[in-house]
Amino acid sequence: MKTENKISYEINLETLQDLINIENGLFKPLTGFMKSADYTGCVHEMKLADGTVWTVPITLDVDEETVAKLNIGEKLFLTSNGKEMGSILVEEVFETDIEKDTSIVYKTLDTNHPGVRKEFTRNKYRVGGKTEIIDKSILEGTLSPEITKKHFKDMGWKTVCGFQTRNPVHRAHEHLQRVAMDLCDGIFINPLVGWKKIGDFSEDAVVDGYMAMLENYYPEHNVFFMSLKTQMRYLGPREAVFHATIRKNLGCTHFIVGRDHAGVGDYYGRYEAQELVRKLQKENDLGIYFLLIKEPYYCKICGHIVSESSCRHRDDDIEYINGTMIRSLLAKGHEPDERFMRKEVADAIIELGEKMFVTEE
Ligand SMILES: [Zn+2]
C-alpha cells in the first residue's frame with residue numbers, strides 16, 4: 001500500500017560504500033547511519049551514545065526537498081545511478097552545523113584540506129537509522145569479517161596485525177611490516193582504495209606495487225593482502241583510531257600507527273595520532289593492541305632502515321624516506337634509490353604510466 005508513496009534518494013558512491021561497510025559489519029557497533037546522539041557524541045567526545053569510542057562521523061546527508069517528504073518510522077530507499085541499492089529506516093532527522101562540527105572534527109576550516117572541502121559540499125540535514133542492503137549482489141567480493149576471520153582461522157593465526165596504507169610500499173613501510181611479522185602470527189596488509197584526492201596514488205599503483213613485494217620478498221605463510229574500500233577522510237588522529245576499529249572488526253588483534261597517520265599537508269602533528277591513541281587507551285579498552293612506531297629512515301652509519309628508537313645517529317647521518325620525492329621520480333618513470341623503494345615495486349608502478357595517480361575526485 002506504501003509503494004505509491006515510496007521515497008527514494010540518490011546517494012553518491014562514498015555513501016553507497018558506507019552502506020556496504022555497515023552491512024558487512026566493518027563499522028560495528030553501527031547498524032545504520034548515525035542518529036544525533038551518536039553523532040554529537042562522536043564529534044565532541046569521540047564516543048557513541050553508549051560510550052563506545054568512535055572517532056569519525058558516519059552520516060547520511062539528504063537534501064531539504066527529501067527531508068520535507070520523510071516520515072519517522074518509514075523507509076527511505078537509497079538509489080545509486082537510479083538503481084535501488086538499500087534503505088534506511090527513518091528513525092530520526094536532524095540538522096548539523098557543518099562549519100562548527102567540521103572545525104571540531106577536522107581541527108581546521110581550510111578548504112585546501114580535501115576532507116573539509118568535501119564536508120562543505122554536503123547537506124546539513126542528516127537521516128539516522130538502521131540500514132539494509134536490498135540489492136545483495138553489490139556485496140559480492142566485498143571485504144567482510146567473515147572472509148578475514150575465516151582466513152586468519154584457516155591459517156592458524158592467533159595474533160594478526162592490521163596495516164593501513166594508501167600508498168605503494170616503500171622501505172619505511174616494509175620495515176614496519178617486518179616488525180609486525182616478527183611480533184604477530186600474521187599480518188593483514190589492507191590498503192585503502194576508496195575515494196582519494198587528485199594526485200594520490202591510484203588503486204592500481206598501490207595493488208601492483210604490493211603484488212611485486214609479495215611475489216619477490218615476503219613469505220607466503222604469514223601475509224594476507226586485500227583492499228579496504230572506503231573513502232579517505234584525511235582526518236589524521238581521528239581516522240587512525242577509526243582505521244584501527246575497522247581492523248578490529250575484521251579480526252585483527254594488533255594495529256600499526258606510524259607517523260602522520262591519515263594526515264594531509266601539515267594539519268596534524270607528526271605523532272598526534274599516536275598521542276590520541278595513548279590518551280584514549282588510558283580510559284578505554286579499544287579492543288585492539290596498538291604498535292605505535294616511530295618513523296623508519298635510512299641511517300648511513302648503521303647502514304640500515306632504523307628509527308630514532310633504534311639508532312643513535314641524527315641529522316646528516318640519516319635520510320628520511322621522502323614520499324614526495326618517490327612520487328615525483330616515479331611520475332617521470334625513474335626508479336627511486338633502492339634504499340627507499342624496491343626496484344620491483346617501482347617498476348610495477350612505472351609500468352602504469354599516467355594511471356599511477358588519481359586524476360579525478
Ligand atoms: Zn644509525
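Quick note: numbers below take in every heavy atom, side chains included, and nothing from hydrogens, waters or symmetry partners. Note that ligands are numbered from 1 as they come in the structure, with each ligand's atoms numbered from 1 the same way.
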* To do: Starting from the Zn ion (ligand 1), look over the N/O/S atoms of His313 and name the nearest one.
  =>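 For His313, the N/O/S atom sitting closest to the Zn ion (ligand 1) is ND1.
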**OP:** Rounded to the nearest 10 degrees, what's the angle SG of Cys311 makes with SG of Cys302 at the Zn ion (ligand 1)? Could you check?
**Re:**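 So the angle at the metal works out to 120°.
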Pairs satisfying salt bridge (Lys or Arg N to Asp or Glu O under 4.0 Å), at least one member in residues 177-187, at least two apart =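 Found Glu174-Arg178.
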(request) Name all residues meeting the side chain to side chain contact (heavy atoms under 4.5 Å, CB included) criterion together with Leu352; count only those two or more places apart in sequence or in a different chain, and write none if there are none. (result)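 Checked Leu352 against side chain to side chain contact (heavy atoms under 4.5 Å, CB included); matches are Asp204, Ala205, Asp208, Lys355, Met356.
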Do the side chains of Asp61 and Lys124 get close enough for a salt bridge, i.e. N-O under 4.0 angstrom? no
Query raised in the report: Between the Zn ion (ligand 1) and His304, is there an N, O or S atom separated by less than 2.8 Å?
Result: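 No.
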| Hey, are the side chains of Tyr271 and Glu295 touching, using non-hydrogen atoms and a 4.5 Å cut-off? | yes
